[in-house]
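The structure under discussion appears below in the form of structure tokens.
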Amino acid sequence: MIESAGDHGCEYMTGGVVVVLGRAGMNFGAGMTGGLAWVYDDDGSFIPNLRYHSEFLEATPYAAVEPDAQNALKALIEVHARRSASSLAKRMLANWETQVQPFVRLTPRPQA
């Protein structure tokens with residue numbers, strides 16, 4: 001769990017799960033072939049401005065993700081809030097239904 005990601009976050013990621021609670025820079029996920037990432041897109045620019053590497057990743061808004069994945073995201077943020085005492089995570093959880101909507105899930109596209 002990270003609270004912000006600079007340019008090229010999750011570059012060459014091959015597995016695992018990353019949750020970015022803050023802003024992610026450009027070219028997120030270049031070379032990402034495994035795992036999944038959640039990015040908090042507070043200003044709604046992540047998908048339309050292609051701040052992720054669209055050749056490698058499929059971007060799905062939170063509302064379009066299956067309920068099991070939505071529940072898994074919340075569980076990860078709850079663990080982060082409990083273990084780190086993150087005030088940001090606690091604020092998100094306190095107003096979950098509103099705060100969760102900007103999240104985008106990124107999953108690798110199959111590569112030839």
Side-chain angles (χ1 to χ4, degrees):
M1 184 91 44
I2 55 177
E3 296 202 5
S4 67
D7 293 344
H8 315 291
C10 294
E11 188 172 23
Y12 300 111
M13 182 173 164
T14 60
V17 178
V18 170
V19 179
V20 180
L21 299 181
R23 185 162 173 85
M26 64 174 204
N27 204 32
F28 188 91
M32 184 174 161
T33 58
L36 70 93
W38 289 94
V39 172
Y40 189 72
D41 184 21
D42 65 336
D43 66 1
S45 68
F46 192 78
I47 293 174
N49 290 346
L50 287 175
R51 292 198 339 246
Y52 65 100
H53 201 283
S54 62
E55 291 178 30
F56 277 88
L57 299 174
E58 178 73 33
T60 309
Y62 175 84
V65 173
E66 60 279 353
D68 286 347
Q70 292 176 346
N71 294 335
L73 171 63
K74 185 175 185 184
L76 287 169
I77 295 173
E78 287 170 338
V79 168
H80 177 63
R82 190 171 51 253
R83 290 183 180 174
S84 71
S86 165
S87 60
L88 177 57
K90 289 177 183 179
R91 282 194 310 272
M92 286 182 165
L93 292 166
N95 194 12
W96 184 250
E97 292 307 314
T98 301
Q99 292 295 309
V100 72
Q101 296 307 315
F103 273 102
V104 175
R105 182 180 69 180
L106 297 133
T107 53
R109 294 181 185 274
Q111 301 297 308

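Computed from a predicted structure; not experimentally measured. In what follows, every heavy atom counts, from backbone to side chain, and hydrogens, waters and symmetry copies are set aside.
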In the single-linkage hydrophobic clustering (I, L, V, M, F, W, Y; side-chain heavy atoms under 4.5 Å), do Leu88 and Val79 co-cluster?
->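 Unlinked, Leu88 and Val79 end up in two clusters.
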
State whether the number of non-hydrogen atoms from other residues, nucleotides or ligands found under 6.0 Å of Glu55 atom CD is greater than 12.
->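 No, the 6.0 Å shell around CD holds no more than 12 heavy atoms from other groups.
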
Heavy-atom closest contact ([X] atom, [Y] atom, distance):
| X | Y | result |
| --- | --- | --- |
| Ser86 | Ala89 | OG-N, 3.0 Å |
| His53 | Asn27 | CD2-OD1, 3.1 Å |
| Val65 | Arg105 | CG1-NH1, 3.5 Å |
| Gly34 | Pro108 | N-CG, 3.5 Å |
| Met13 | Leu36 | CE-O, 3.5 Å |
| Ala81 | Lys90 | O-CE, 3.9 Å |

[X] versus [Y]: any side-chain heavy-atom pair under 4.5 Å?
| X | Y | answer |
| --- | --- | --- |
| Ile77 | Leu21 | yes |
| Pro102 | Met92 | no |
| Arg51 | Phe28 | no |
| His80 | Val19 | no |

Tyr62: what forms a side-chain contact (heavy atoms from CB on, under 4.5 Å) with it, not counting sequence neighbours?
->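 Once residues adjacent in sequence are excluded, the partners of Tyr62 under the side-chain contact (heavy atoms from CB on, under 4.5 Å) criterion are Trp38, Gln70, Leu73, Trp96, Val100, Gln101, Phe103.
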
Identify, with sequence neighbours excluded, every residue that meets side-chain contact (heavy atoms from CB on, under 4.5 Å) alongside Ile47.
->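 Residues passing side-chain contact (heavy atoms from CB on, under 4.5 Å) with Ile47: Tyr52, Ala59, Pro61, Val104.
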
Audit row: Arg91, Ser87, side-chain contact (heavy atoms from CB on, under 4.5 Å) steps and yes/no = CA-CA 6 Å; Arg91 282 194 310 272; Ser87 60; 3.6 Å; yes

Under the side-chain contact (heavy atoms from CB on, under 4.5 Å) criterion, do Leu93 and Gln99 qualify, and how do the steps go?
-> CA-CA 8 Å; Leu93 292 166; Gln99 292 295 309; over 6 Å; no

Begin with the C-alpha distance, continue with both residues' side-chain angles, and end with the deciding distance and a verdict on side-chain contact (heavy atoms from CB on, under 4.5 Å) for Thr33 and Phe56.
-> CA-CA 7 Å; Thr33 58; Phe56 277 88; 4.3 Å; yes

Run the numbers on Asp41 and Asp43 for side-chain contact (heavy atoms from CB on, under 4.5 Å), then give the verdict.
-> CA-CA 6 Å; Asp41 184 21; Asp43 66 1; 3.3 Å; yes

